[in-house]
Chemist: 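The following block contains the structure, expressed as structure tokens.
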Amino acid sequence: MSSFWLFLIIVSLAVIGFFVGTSRAMSVASGDKRKLHSLPSYYGSNIAIFTIVPSFLLLVIWMLAQPLIVSSSVRSHIPADTIDPGSTIGLVMSDVQRLANGLDVAVSQGFMTEEDARSVQAGSSDIRARLGQAGVVLGSSVRPEVLQAAQEYRTMTSTGDMLRAIFVIGIALAGFAYAFRKTSVTFRARNTVEKTIYTLLLGAASIAILTTVGIVLSLIFTTGEFFSIQACLSEVDNYEQTHLAALRAADMNLQNCPLGNVALLDQMTSVTGETFSVTTGDYLSAFADFFFGTTWSPSFGGGSELGILPLLWGTFYISVIALLVAVPIGLFAAIYLSEYASSPVRAFAKPMLEVLAGIPTIVYGLFALLTVGPLLVSAFGDDGALGLNWMQGGTAVMTAGLVMGIMLIPFVSSLSDDIINAVPQAMRDGSLGLGATHSETIRQVVLPAALPGIVGAILLAASRAIGETMIVVLGAGAAARLSMNPFDAMTTVTAKIVSQLTGDADFSSPEALVAFALGMTLFVITLGLNVFALYIVRKYREQYE
Amino acid sequence: MTDATVTQPAAPGGAPKKTSLLKLDQRTRRRNAAEKRFKIYGMIAVGIGLVFLVALLSAIIVNGTNAFTQTFVTMNVTLNEDVLDKNGNRNPADIKKVSTFGYAPLINSALENKVESLGIETLLEDGGDMRAIMSASAAAQLRDYVLGNPDQIGETIEFRFLASSRVDGYLKGRVTRESIARDRNISSAHLLLIDDLKELGVVERVFNWGFITGTDASEARPEQAGIGASMIGSFFMMLVVLCLSLPIGVAASIYLEEFAPQNRFTDIIEVNISNLAAVPSIVFGILGLAAFIQFAHLPQSAPLVGGLVLTLMTLPTIIISTRASLKSVPQSIRDAALGVGASKMQSVFHHVLPLAMPGILTGTIIGLAQALGETAPLLLIGMVGFIASEYPNGIQEGFLDPNSAMPAQIFEWAKRADPAYYERAWGGIIILLLFLMTMNLIAILLRRRFERRW
Amino acid sequence: MNDMRRLERDVDTSDIKISAKGVQVYYGDNHAIKDVDVSIADKTVTAFIGPSGCGKSTFLRCINRMNDTIDVARVEGDIRIDGEDIYDKAVDPVQLRAKVGMVFQKPNPFPKSIYDNVAYGPKIHGLAQNKAGLDEIVEKSLRRAALWDEAKDRLNEPGTGLSGGQQQRLCIARAVATEPEILLMDEPCSALDPIATAQVEELIDELRQSYSVVIVTHSMQQAARVSQKTAFFHLGNLVEYGQTGDIFTNPQDPRTESYITGRIG
């Protein structure tokens, strides 16, 4: 039974429970509502809650736990010696899962009977062709142990699904019965219901924490995986260097990380006489390569150099240009609109500037790629109007920075506007009363008073610029380089996250995993900026409250 | 408020006291000039901002409106029985066996006939050469018609086919004789033919419904691509976002605003929300990829996953605006409800929440608009690179089958590096912005209509 | 008509510092000051009293054109300082305000050091030739505001760190640092405790030596203590104006009497 139907069943049980509970309450009170502690509908809600909440929780936990349990059990049944050199248990497991899903599809579309799927042998029939009929494409021919594991996987999953249905419905019914029996004149249904609602509200509020935890965990695990693979690969290099002759003699060519492949490890030990093991030094060198490497050249065939510095430089350069555009314009616009503009001008210009903030970033990206880029090339490029030959193509740091600056103008101006307006009028009066001009008041009293807040706003804008993706993906180019020329194409952390994770890369290769390490770096930088900026802004607000 | 036209000599040296107010001294005039300059800087800044807005919008309109018209070629095609149904028994299985390649000659000859009957002189030898002016989709369109109406085989019927993207570009001024110098697909002879055909009304540009309702097409057929399927993808995503973020957002806000005790846990939640609001959207994409796709094995490119990711992304925005509208309900309302013996929960759900509802809805719509335009997280969960060439078959498929979304589709077109697709990307942006404008308008109207001054 | 008045004024060359004739102030549709005529003498303390909302602060703010900073405010009539119409087109409010200093209800030191607070006015008006000159002005002003002894060792500390009474005296020092001829004070003691109030009042009395001081106060006792002349405002009208002693002991108008005896307010 699919989880969707299961969910529908417990929901309808709960709905039934509501009506049963309401009428039960009326009947125990012999038709007189006033005898009850709470309104009848609370008794109904009470039953509904007891029906749905525990069973739904169980369903969710089950859905999370079952795949983990099943796959770890299947994993332990795959013999270690069947894993190819150059492959890992993870890759084999993803084959198993693909095959199991393929069998499911084939059964559901009627190309195979359930019996077939359970008993089919790898040797006896060409399973690949039969699955192909059902539109399931398998990469290589199916090996018997993988098929066996896939079949085991399917059996365990279907048993699990059946148990799940029994338990979930059982719990729902038990909750129903319990709440039904408690329904009496004196039962404080309202308090119970309200307590549950309170818990639900609390749960909803905690989703924010869950999201953060989810982000941190998913980044930590994948980043950890990236660094362990990189450390392993660096140890592979060392190992090859030291045992070059022996390995060559045995015709062994190490390319991938051998960890997890027991047979290969044994063979390596026997050939070279040294056990392959990853040391802390390898980890350090992996960290150093990533954080201090000045070359970024991923190649999916292996031998990538994945240094983050060129990406950080591109990110930094583009953000600086964006801030150079956005901060003066945004700040002056905010000052003008809040201090000088007549109210019709303000009523027109303020929403107009805010329109810029409401435009999706993909629009800015396209604007950079197709309008601003060519425009800049026609001015600064080869044969450009200025004859400078500074720019080779439309995608460049300048293009992305300029457009990102436009995007940030309303962000800076509306934050600055809030902050300038928070400076008390008494401060302005004091200065004007001394005979200062309006601009002197702004420059020498209002802005210094608002400075911490404005710095906070600029930091928030910077964090936005660093995290911006679409504009740099479309406007900045793809080449990672350390250059000072703002008319060169460069790339950023976010753009590389996109390019490493879209496409057909295998998610367990270092070239794909590096995106998570980049994401972690991005997250840490922007989080640091945000926390710092929000702290400053909050401190600033408190000062005038 | 100053009058700079007064020209008075600078106050002679001496005590600054007892100067006349009616005489502007040198220093005051200098300061007033600085004042004026400062004000002008402000005007310039606002002006630049507005100029950028105008530049952006005009780029969109100038480049995008062309996507809403498309060039079509009208001609009579004889549905030849020997080609389409050799057995002559109108058996659908037999008719199906004829592939689109089989239909090409019909179009060639129809084109040739048309040109001949109109008496147009052309350098092109036969229909096969001329067919470069037609979209590759013409044969498929013909085949679909025949499969749908097998009884029409043998008749001659008038069809309106899509012209090729080069021809379309020629009529729109995107393709010129110079630009096709090295183009293998089309020659200037074709363009001459098009000029003649256009004069005679055979080739015409009409409003392009196919762009709004159609599905994405392969890289070689930009003339056929439409944004309809990804619009549906966006719609299902927004449904997920609405159904999750509104109740969760409201529940979280009620907790934080009405019930939360002053303690560490509440502080942690608050800090988390304000930080999540500023986390780059791509990080949510990474979360979606790692948690929903790699860990929970939800299908890639599915609107459901997109909706989940966008929900997590929009929740902080919605919570922040919902809390603001709950906060604006005066305490006296709560006190009044509590005073007549309602429980705290009842006072919130019966009195505070309904009063705050317009504000909550406004915030939600704005959050949805933000989610609708968001692209970066969708790239990571596989919504780009997928060609949304079919509409989903049903509701469940709508949520779970791979699809694209409007901004992802626009990005996909922008990546294809073909001016014909660029035009469509701009056109897609016009549609996207129309949606966003409508949503924001609704939000503004809601706010106007229900705005309360306590 | 303007010329007529000017002629009239030129004849009157006594020590009248400020003269107002037919002043009307509107805040949007609200007629806040109705036809006020008043002449304020040099080197005296003049108190404006009256119930809240009677227009006394509004009128005070007309004298240095602070009402210009409020969009909806409109001032009509004729206000002259030393015979010059301060609402004349040729008058720059910036220059006017250098001549007419102002101290506000709530102490509002700038978020700068004590030194910079006092030096702010002289700096923008260019009153000091050099750093030494500026130091001198700061010291003189702080001494005048009776704050020097308390502040001389902490000139570089922020002005906001002082106590309320000290802050208000700092604001007075800041105002006198620009060497004004007139000092307007808008309820300068309303946010202070009695001890600080006494210090500020003492200061006001000393300032009379050099300036014409106009003080708005809601406290009749304060008016009686510090002022030589008192004007009573009620609902935007100037009801009575005369020697402080006369106003408090022998009010001519029944409204003044009611207010002083506490029947309206």
Side-chain angles (χ1 to χ4, degrees), chain A residues 331 334-350 416-457 536-545, chain C residues 57 60-61 63-72 92-113 116-127 141 158-160 167-168 170-180 182-186 191:
Chain A
L331 197 55
I335 289 170
Y336 182 76
L337 290 178
S338 64
E339 302 273 338
Y340 285 106
S342 63
S343 56
V345 171
R346 190 165 37 230
F348 169 77
K350 229 180 144 180
S416 312
D417 196 38
D418 288 353
I419 285 155
I420 289 171
N421 284 334
V423 175
Q425 185 61 31
M427 213 71 96
R428 291 183 181 83
D429 283 350
S431 172
L432 292 173
L434 286 172
T437 64
H438 209 141
S439 64
E440 285 162 349
T441 304
I442 294 166
R443 273 182 296 154
Q444 300 186 28
V445 177
V446 177
L447 286 186
L451 192 65
I454 290 174
V455 169
I536 292 179
V537 171
R538 187 186 279 192
K539 266 260 136 84
Y540 166 74
R541 290 256 155 83
E542 277 166 3
Q543 186 188 335
Y544 292 117
E545 258 164 20
Chain C
S57 290
L60 190 76
R61 291 167 69 94
I63 301 175
N64 69 346
R65 293 184 56 174
M66 278 299 278
N67 282 329
D68 289 11
T69 61
I70 301 166
D71 285 339
V72 292
D92 190 323
V94 164
Q95 222 171 327
L96 169 70
R97 289 178 200 144
K99 208 174 207 178
V100 186
M102 187 159 188
V103 175
F104 295 84
Q105 191 169 359
K106 245 179 87 186
N108 55 351
F110 303 136
K112 298 166 177 276
S113 70
D116 285 338
N117 260 287
V118 181
Y120 178 72
K123 265 190 200 156
I124 54 175
H125 294 294
L127 299 182
S141 309
T160 43
Q167 285 190 10
Q168 195 61 302
L170 177 62
C171 292
I172 293 172
R174 192 173 71 183
V176 301
T178 54
E179 305 189 25
I182 299 166
L183 202 55
L184 307 176
M185 298 182 139
D186 189 356

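Everything numeric in this text was worked out from a predicted model, so none of it was measured. Chain naming here is simple, since letters A, B, ... match the order of the sequence lines and numbering starts at 1 in each.
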Chemist: Considering residues, nucleotides and ligands other than C/Lys123, do more than 12 of their heavy atoms fall under 6.0 Å from its NZ?
Modeler: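 Atom NZ in C/Lys123 is packed in, count exceeds 12.
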Chemist: What option among C/Gln105, C/Gln95, C/Lys112 has the most heavy-atom pairs under 4.5 Å with chain A?
Modeler: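 Looking at each option in turn, the highest pair count goes to C/Lys112.
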Chemist: Where on C/Arg174 is there a heavy atom nearer than 4.5 Å to chain A: the side chain, the backbone, both, or neither?
Modeler: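 Both backbone and side chain.
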Chemist: Mind checking the CZ-CD1 spacing from A/Arg443 to C/Ile124? Nearest 0.5 Å is all I need.
Modeler: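 Going from the CZ atom of A/Arg443 to the CD1 atom of C/Ile124 covers 10.5 Å.
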Chemist: Among A/Ala426, A/Ala436, A/Gly435, A/Pro448, single out the residue with the greatest number of heavy-atom pairs under 4.5 Å to chain C.
Modeler: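 The candidate making the most pairs under 4.5 Å is A/Gly435.
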Chemist: Let me know if C/Val100 has heavy atoms under 4.5 Å from chain A in its side chain, its backbone, both or neither.
Modeler: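 When you check distances to chain A, only backbone atoms of C/Val100 fall under 4.5 Å.
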Chemist: Could you pull out the closest heavy-atom pair between A/Leu432 and C/Arg97, with the gap in Å?
Modeler: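 In this case the closest contact between A/Leu432 and C/Arg97 is O-CD, 2.9 Å.
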Chemist: If you compare all heavy atoms of A/Gln444 against all heavy atoms of C/Tyr120, which two are closest, and at what distance to 0.1 Å?
Modeler: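 Minimum heavy-atom contact is OE1-CE1, 3.3 Å.
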Chemist: With a 4.5 angstrom heavy-atom cut-off, could you sort out which part of C/Pro107 is near chain A: side chain, backbone, both or neither?
Modeler: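 It is neither, since no heavy atom gets under 4.5 Å.
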Chemist: Could you tell me which non-hydrogen atom of C/Phe104 sits nearest to which non-hydrogen atom of A/Gly430, and how far apart they are?
Modeler: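 It is CE1-CA, 3.5 Å.
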Chemist: With sequence neighbours left out, write down each residue that passes side-chain contact (heavy atoms from CB on, under 4.5 Å) with A/Lys350, or none if nothing qualifies.
Modeler: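 With sequence neighbours excluded, A/Lys350 shows a side-chain contact (heavy atoms from CB on, under 4.5 Å) to A/Leu337, A/Arg346, A/Glu354, A/Asp417, given in chain and number order.
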Chemist: Tell me, for A/Ser431 versus chain C, whether the close heavy atoms (under 4.5 Å) come from the side chain, the backbone, both or neither.
Modeler: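 Both the backbone and the side chain of A/Ser431 come within 4.5 Å of chain C.
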Chemist: Please tell me if the side chains of C/Thr69 and A/Arg428 come closer than 4.5 Å, counting only heavy atoms from C-beta onward.
Modeler: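 No, too far: nothing below the 4.5 Å cut-off.
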Chemist: Tell me the closest heavy-atom pair linking C/His125 and A/Leu434, and the distance in Å.
Modeler: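 Nearest pair, atom of C/His125 first, then A/Leu434: NE2-O, 2.7 Å.
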Chemist: Using every non-hydrogen atom in the two residues, find where C/Pro111 and A/Met427 come nearest and quote the distance to one decimal.
Modeler: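 Looking at all heavy atoms of both residues, the shortest contact is CD-CE, 3.7 Å.
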